[in-house]
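Notes follow the structure.
Nothing fancy with the numbering, it's 1 onward along the sequence.
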Amino acid sequence: MSQTATAAREPLLRIAKREGTTMPQKIAVRAIAILLALVVDALFIFFVTGLNPLSVYGVMWSGTFANMTRFSWMLRDLSTLLCVGIALAPAFKMRFWNCGGEGQILIGGLTAALIMVYQGNNLPLPLLFAAMALGSIAAGALWGFIPAWFKSRWNTNETLFTLMMNYVATSIVACMTNIMRGQASSLGTLNKATKAGWFPVIMGQRYTINIIVVIVLTFVMYAYLRFSKQGYEISVVGESENTARYIGINVKKVIIRTMVLSGALCGVAGMILVAGASHTVTSDLVGGDGFTAIMVSWLAKFNPIFMLLTSFLLVFLRRGASQMATSCNLNESVADIMTGIIIFFIIGCEFFIRYRVNFRHRAKPEAVTESEQPEETEKIEKTDEKGVDAQ
């Protein structure tokens, strides 16, 4: 069969897994993706809004770094988002698609708020913080245990199950806040007069404890996933449950244990939001961070150290877009479009890091070699001889 016929059946594009990509090459691809995104955003700004793209980028930068107050707000948002990303990392590495981070955070935050309100004047401050931490961890762990148990026992769809648990948690929080506010028009700030259960101000910053807790959790989770036996089991189960069973790993136990851990850390994030950031609890307390953290975890390849960078990038874009909408008198949708373009390029570059696209090559005409020429000449002569004999 000729090479031309073989090439004709090949697809025009063929995707193959890329092997041997070095870390500098990966960094270079991501940097190029961000630069291309900024170029596309600049074109969008110029042709749609008529503004100078450089001035708009300057406003985005000032949304985080203009003064210490804005930088402090950025650290607050960063610590919350990073904490949720760390919480979801072990479950996603196990290929358990935990989309219930919102609900687990809400339940943990609600538990911390209830302890603040009803025990704030009865317990010493150290015991109050300990009770809030244990309560939020237990509540989040329970909210993670329920879908894990159903998954391990009846192989239910964890994505749908955890999403439904979000709606249940939102309804519980809405109901409990109505009970807690009583006859007041709104729940308001919890323990505003006594500040019982509020994280203390350290070094002049309100969010110092938030940052310290999340940094400690980041390195602990990195060590847990990288060096512990449980982290190894999570990796094996994520690669293949059949392989895990073959080598003697109790898959059901690993699923439940990992989701309890994931839910417990989400509960910690809920406590951080209530005690260290908003000092209240509402049904929209999380603000979508439970879903944004999925992107943080995935972009970092479930590596807690890399999540520091991805979390910072997303928080920087969020705050910069908000500042841009305010200072440049732009619609919020314009800022969201610009942010979406950057995220699209960042996610898209991951494809080119892991895969390469091969185009179909045009086959060259086959040349007749000298060794083949006598055979062809001999066939023609035999054909002519047969024709003469027939006549």
Side-chain angles (χ1 to χ4, degrees), residues 76-77 79-89 91-92 96-118 132-151 156-191 197 210 259-297 314-315 318 332 336:
R76 175 198 63 192
D77 297 343
S79 60
T80 304
L81 183 60
L82 179 58
C83 185
V84 185
I86 292 169
L88 298 181
F92 274 83
F96 187 102
W97 310 117
N98 180 16
C99 297
E102 294 264 332
Q104 294 152 23
I105 298 167
L106 280 175
I107 290 297
L110 174 64
T111 305
L114 289 172
I115 296 173
M116 282 177 63
V117 172
Y118 295 109
M132 290 169 59
L134 292 175
S136 59
I137 289 172
L142 174 63
W143 224 247
F145 168 79
I146 296 173
W149 187 78
F150 276 84
K151 172 70 174 181
T156 56
N157 187 305
E158 68 272 15
T159 303
L160 295 177
F161 206 116
T162 51
L163 284 173
M164 289 188 293
M165 294 287 286
N166 289 341
Y167 292 105
V168 176
T170 302
S171 300
I172 292 175
V173 170
C175 177
M176 292 304 300
T177 51
N178 286 333
I179 294 174
M180 292 167 66
R181 69 183 176 86
Q183 300 299 321
S185 59
S186 64
L187 183 61
T189 303
L190 303 177
N191 298 344
N210 301 31
M259 271 302 294
V260 167
L261 173 64
S262 182
L265 293 179
C266 283
V268 172
M271 177 186 170
I272 288 175
L273 282 172
V274 172
S278 63
H279 303 132
T280 189
V281 60
T282 61
S283 56
D284 58 350
L285 173 70
V286 187
D289 278 352
F291 296 107
T292 307
I294 296 175
M295 189 185 306
V296 168
S297 182
L314 293 178
V315 171
R318 181 196 301 171
E332 288 282 351
D336 292 339

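Looking at residues two or more places apart in sequence or on another chain, you find a side-chain contact (heavy atoms from CB on, under 4.5 Å) between Leu142 and Ile146. Tyr167 pairs by the side-chain contact (heavy atoms from CB on, under 4.5 Å) definition with nothing, not counting sequence neighbours. A search for ring pair (Phe, Tyr, Trp, His ring centres under 6.0 Å) contacts involving Phe150 returns Trp154, Phe161, not counting sequence neighbours. Residues satisfying the salt bridge (Lys or Arg N to Asp or Glu O under 4.0 Å) criterion with Arg76, sequence neighbours excluded, are absent altogether.
Contact detail for Ala133 and Met271: the closest heavy-atom pair is CA-SD, 3.4 Å. Residues Val281 and Ala113 share a closest heavy-atom pair of CG1-CB, 3.7 Å. Scanning all heavy atoms of the two residues, the minimum distance from Val84 to Gly290 falls at CG1-CA, 4.1 Å. Closest of all the heavy-atom pairs between Leu81 and Ala293 is CD1-N, 3.8 Å. Taking each heavy atom of Leu88 and Gly101 in turn, the nearest pair found is CD2-CA, 4.3 Å. Of all heavy-atom pairs spanning Gly108 and Ser136, the tightest one is O-CB, 3.3 Å.
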Exercise. Carefully, step by step, assess Met259 and Phe145 under the rule side chain to side chain contact (heavy atoms under 4.5 Å, CB included).
Key: CA-CA 6 Å; Met259 271 302 294; Phe145 168 79; over 6 Å; no
Exercise. Check step by step if side-chain hydrogen bond (donor to acceptor under 3.5 Å, both in side chains) holds for Gln104 and Asn166.
Key: CA-CA 7 Å; Gln104 294 152 23; Asn166 289 341; over 6 Å; no
Practice problem: Check step by step if side chain to side chain contact (heavy atoms under 4.5 Å, CB included) holds for Val286 and Phe291. | Solution: CA-CA 10 Å; Val286 187; Phe291 296 107; over 6 Å; no
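In terms of modelled atom types and a separation under 3.5 Å, the side chain of Ser297 and the main chain of Ile294 share no donor-acceptor contact. Distance alone, capped at 3.5 Å, is enough to place a donor-acceptor pair between the Asn157 side chain and the Leu160 backbone.
Applying the salt bridge (Lys or Arg N to Asp or Glu O under 4.0 Å) test to pairs two or more places apart or on separate chains, those with a residue in residues 156-173 are Lys151-Glu158. Listed by first and then second residue, the side-chain hydrogen bond (donor to acceptor under 3.5 Å, both in side chains) pairs that reach into residues 277-286 are Thr282-Asp284, sequence neighbours excluded.
Met165 is listed as a side-chain neighbour of Trp143, based on a closest heavy-atom distance under 4.5 Å. Met180 has its side chain within reach of Tyr118: a pair of non-hydrogen atoms, C-beta onward, lies under 4.5 Å apart. Asp289 is not listed as a side-chain neighbour of Ile105, based on a closest heavy-atom distance of 4.5 Å or more.
In this structure, SG in Cys83 is found 6.5 Å from CG in Leu265, a value given to the nearest 0.5 Å. Note: Ile172 CD1 to Thr177 OG1 = 11.5 Å, rounded to the nearest 0.5 Å. Rounding to the nearest 0.5 Å places CG of Leu187 at 11.5 Å from CD1 of Ile179. Residue Ile137 holds its CD1 atom at 12.0 Å from SG of Cys266, rounded to the nearest 0.5 Å. Here CG of Leu82 is found 12.5 Å from CG of Asp77. Values are rounded to the nearest 0.5 Å. Separating the CD atom in Glu102 from the OG1 atom in Thr162 is a distance of 11.5 Å, to the nearest 0.5 Å.
A donor-acceptor pair shorter than 3.5 Å can be found between the side chains of Asn98 and Ser262.
The side-chain contact (heavy atoms from CB on, under 4.5 Å) with Leu114 is formed by just one residue from the set Leu110, Thr111, Val117; it is Leu110.
Of the charged side-chain nitrogens involved, none lies within less than 4.0 Å of a carboxylate oxygen, so that Asp336 and Arg318 do not count as a salt-bridged pair.
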